[in-house]
Structures are given as structure tokens and as C-alpha cells.
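Reviewing the structure listed below.
Note that the structure is predicted; figures quoted are calculated from it, not measured.
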Amino acid sequence: VMVGGDEAAFQLARPLLEIVGHPERVVYLGASGAGQLCKVCNQLVIGGTLAAVSEAFALATRAGVDPAKVRQALLGGFAASRVLDVHGGRIIAGDHAPGFKADLYAKDLRIARDSLSAHHSPAPVSAVVHQLVERLVASGRGGLDYSALAQVVFELDEDGR
């Protein structure tokens, strides 16, 4: 639970927030808006990781290496992450039943783009992720889980088109 706002109000609300989220995962971030900014940061990290996992699996597939075994090996090392674990499994299984719809993720990435711009913060990786997600949505797959971003990566040719 990512919280911004008056700290005294946060302390009053904390017991309720700890019911919603695990006590160690309720984080006060500062003034009003800080929680929203943290959510933006979260979405940027997920998108970048999801795109990299998708690229890794596309490479493995094109090279004739089983992406499920690549995932297994990566989960045992420094590349391990919740995105690789959860969404990597979904990608391999081809299970893109919506958990978090790509349409909603595209909206979050537009908010992220606006936040990055407002704070004059460069975002080369996020710009590419945003393009991939917009392509997914434009293709009529916005109702799928955002892990379907991998489908777009798998469909790209060697020139990235």
C-alpha cells in the first residue's frame, strides 16, 4: 500500500491499511501525491521487466531453446523476479486471461508518461514499453492481461517492426 498525504492522517488510517495490505507492505511516502508517484514507478519497473522477459523468451524460442527451461534457470539466479515468476509462467503457458487488462495498463503508462514529462525525467525504456502496449491495445487485444505484451514482442521481426 503506497500512501501519500498528511502523516498524522496516515498514522490514524494505518491499522485499516494494514488489513488491506500486509503490515510490512504499508509504506508512507510523504506528501499528497507521493503514493500515486510510487504507483507510477511500480508500473515502470513492471513494464521494463515484462518487456525484458518477453525479449528473453523470444530469443530463446528463435534460437531453439526451451523458454520454460530458461525461465527455470533465471529464477535460480540474480534475474529472478515476481514478473519473471508470475508473468513468465503466463507467457509460456499462453495464458493471458485478464488479471490486469492491457487497456488499464496503457492508461497507467499514459499517466507515467505525463509524470515523467512533468518532472523532466528521461524514460527511454518506458517509451518503448509504452509503444509495445499501445500496439497490443491497437491490435484489439486490450482486454487481455498485460502479460500479452509478450505477443507483440514475439510478433516483431528482426528490425523491430
Side-chain angles (χ1 to χ4, degrees), residues 1-4 14 16-29 34-113 115-116 121-158 160:
V1 179
M2 307 164 199
V3 183
R14 186 178 189 110
L16 295 173
L17 295 172
E18 289 178 353
I19 293 169
V20 174
H22 197 272
E24 287 89 35
R25 294 190 180 126
V26 175
V27 179
Y28 175 73
L29 294 149
Q36 175 66 26
L37 187 77
C38 187
K39 182 177 188 253
V40 165
C41 293
N42 180 69
Q43 298 298 55
L44 295 177
V45 171
I46 290 171
T49 306
L50 183 56
V53 167
S54 299
E55 283 185 16
F57 289 176
L59 172 61
T61 300
R62 289 178 179 182
V65 177
D66 182 353
K69 291 187 180 194
V70 169
R71 176 177 168 265
Q72 179 185 5
L74 294 178
L75 284 171
F78 208 59
S81 70
R82 293 272 300 149
V83 172
L84 175 62
D85 184 22
V86 175
H87 292 304
R90 294 182 79 151
I91 291 165
I92 290 167
D95 176 12
H96 300 294
F100 190 68
K101 291 183 180 181
D103 284 331
L104 294 173
Y105 190 59
K107 180 233 358 136
D108 282 357
L109 289 178
R110 287 189 290 275
I111 292 169
R113 180 196 58 216
S115 296
L116 290 157
S121 188
V125 173
S126 299
V128 171
V129 172
H130 192 196
Q131 290 174 356
L132 294 169
V133 172
E134 290 294 340
R135 185 169 177 167
L136 178 67
V137 171
S139 72
R141 295 176 279 184
L144 296 178
D145 187 80
Y146 66 136
S147 63
L149 172 142
Q151 291 178 348
V152 174
V153 173
F154 273 72
E155 293 162 1
L156 294 173
D157 64 22
E158 65 188 46

Sub-4.5 Å side-chain heavy-atom contact between [X] and [Y]:
X    : Y    : result
D145 : H87  : yes
I111 : Q36  : yes
M2   : V26  : no
Q151 : L144 : yes
K107 : K101 : no

About how many Å separate [atom2] of [Y] and [atom1] of [X], when rounded to the nearest 0.5 Å?
X    : Y    : atom1 : atom2 : result
S115 : R113 : OG    : CZ    : 10.5 Å
I92  : K69  : CD1   : NZ    : 12.0 Å
D103 : R141 : CG    : CZ    : 12.5 Å
R82  : L75  : CZ    : CG    : 11.0 Å

With respect to I91, which candidate in V153, V53, L149 satisfies the side-chain contact (heavy atoms from CB on, under 4.5 Å) definition?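 Going through the options one by one, the only one that passes is V53.
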Please name the pair of heavy atoms, one in [X] and one in [Y], separated by the smallest distance, quoted to 0.1 Å.
X    : Y    : value
D95  : S147 : O-OG, 4.2 Å
G35  : L29  : CA-CD1, 3.8 Å
L136 : A102 : CD2-CB, 3.5 Å
S126 : L44  : OG-CD2, 3.1 Å
A51  : V129 : CB-CG2, 3.9 Å
L84  : A79  : CD2-O, 3.7 Å

Mark yes when over 12 heavy atoms from residues, nucleotides or ligands other than R25 sit less than 6.0 Å from its CZ; otherwise mark no.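 Not buried by this count: 12 neighbours or fewer within 6.0 Å.
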Check the surroundings of atom CD in E155: do more than 12 heavy atoms from other residues, nucleotides or ligands lie under 6.0 Å from it?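 Atom CD in E155 is packed in, count exceeds 12.
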Looking at R14, is its backbone amide N or carbonyl O close enough to the side chain of Y28 to form a donor-acceptor pair, meaning the two atoms are under 3.5 Å apart?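 Not confirmed, Y28 side chain does not pair with R14 backbone.
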Heavy-atom donor-acceptor pair, R71 side chain to D85 backbone, under 3.5 Å: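 Side chain of R71 to backbone of D85: a pair is present.
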How far apart are the C-alpha atoms of E134 and L109, what are their side-chain angles, what is the distance that settles it, and do they pass the side chain to side chain contact (heavy atoms under 4.5 Å, CB included) test? CA-CA 9 Å; E134 290 294 340; L109 289 178; over 6 Å; no
Over 60° means perpendicular and under 30° means parallel, so tell me whether F100 and Y146 are parallel, tilted or perpendicular.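 Geometry flag for Y146 against F100: perpendicular rings.
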Side-chain donor-acceptor pairs of residues 60-67 under 3.5 Å, sequence neighbours excluded:
{"unit_1": "T61", "atom_1": "OG1", "unit_2": "F57", "atom_2": "O", "d": "2.8"}
{"unit_1": "R62", "atom_1": "NH2", "unit_2": "F154", "atom_2": "O", "d": "3.0"}
{"unit_1": "R62", "atom_1": "NH2", "unit_2": "L156", "atom_2": "O", "d": "2.6"}
{"unit_1": "D66", "atom_1": "OD1", "unit_2": "A68", "atom_2": "N", "d": "2.8"}

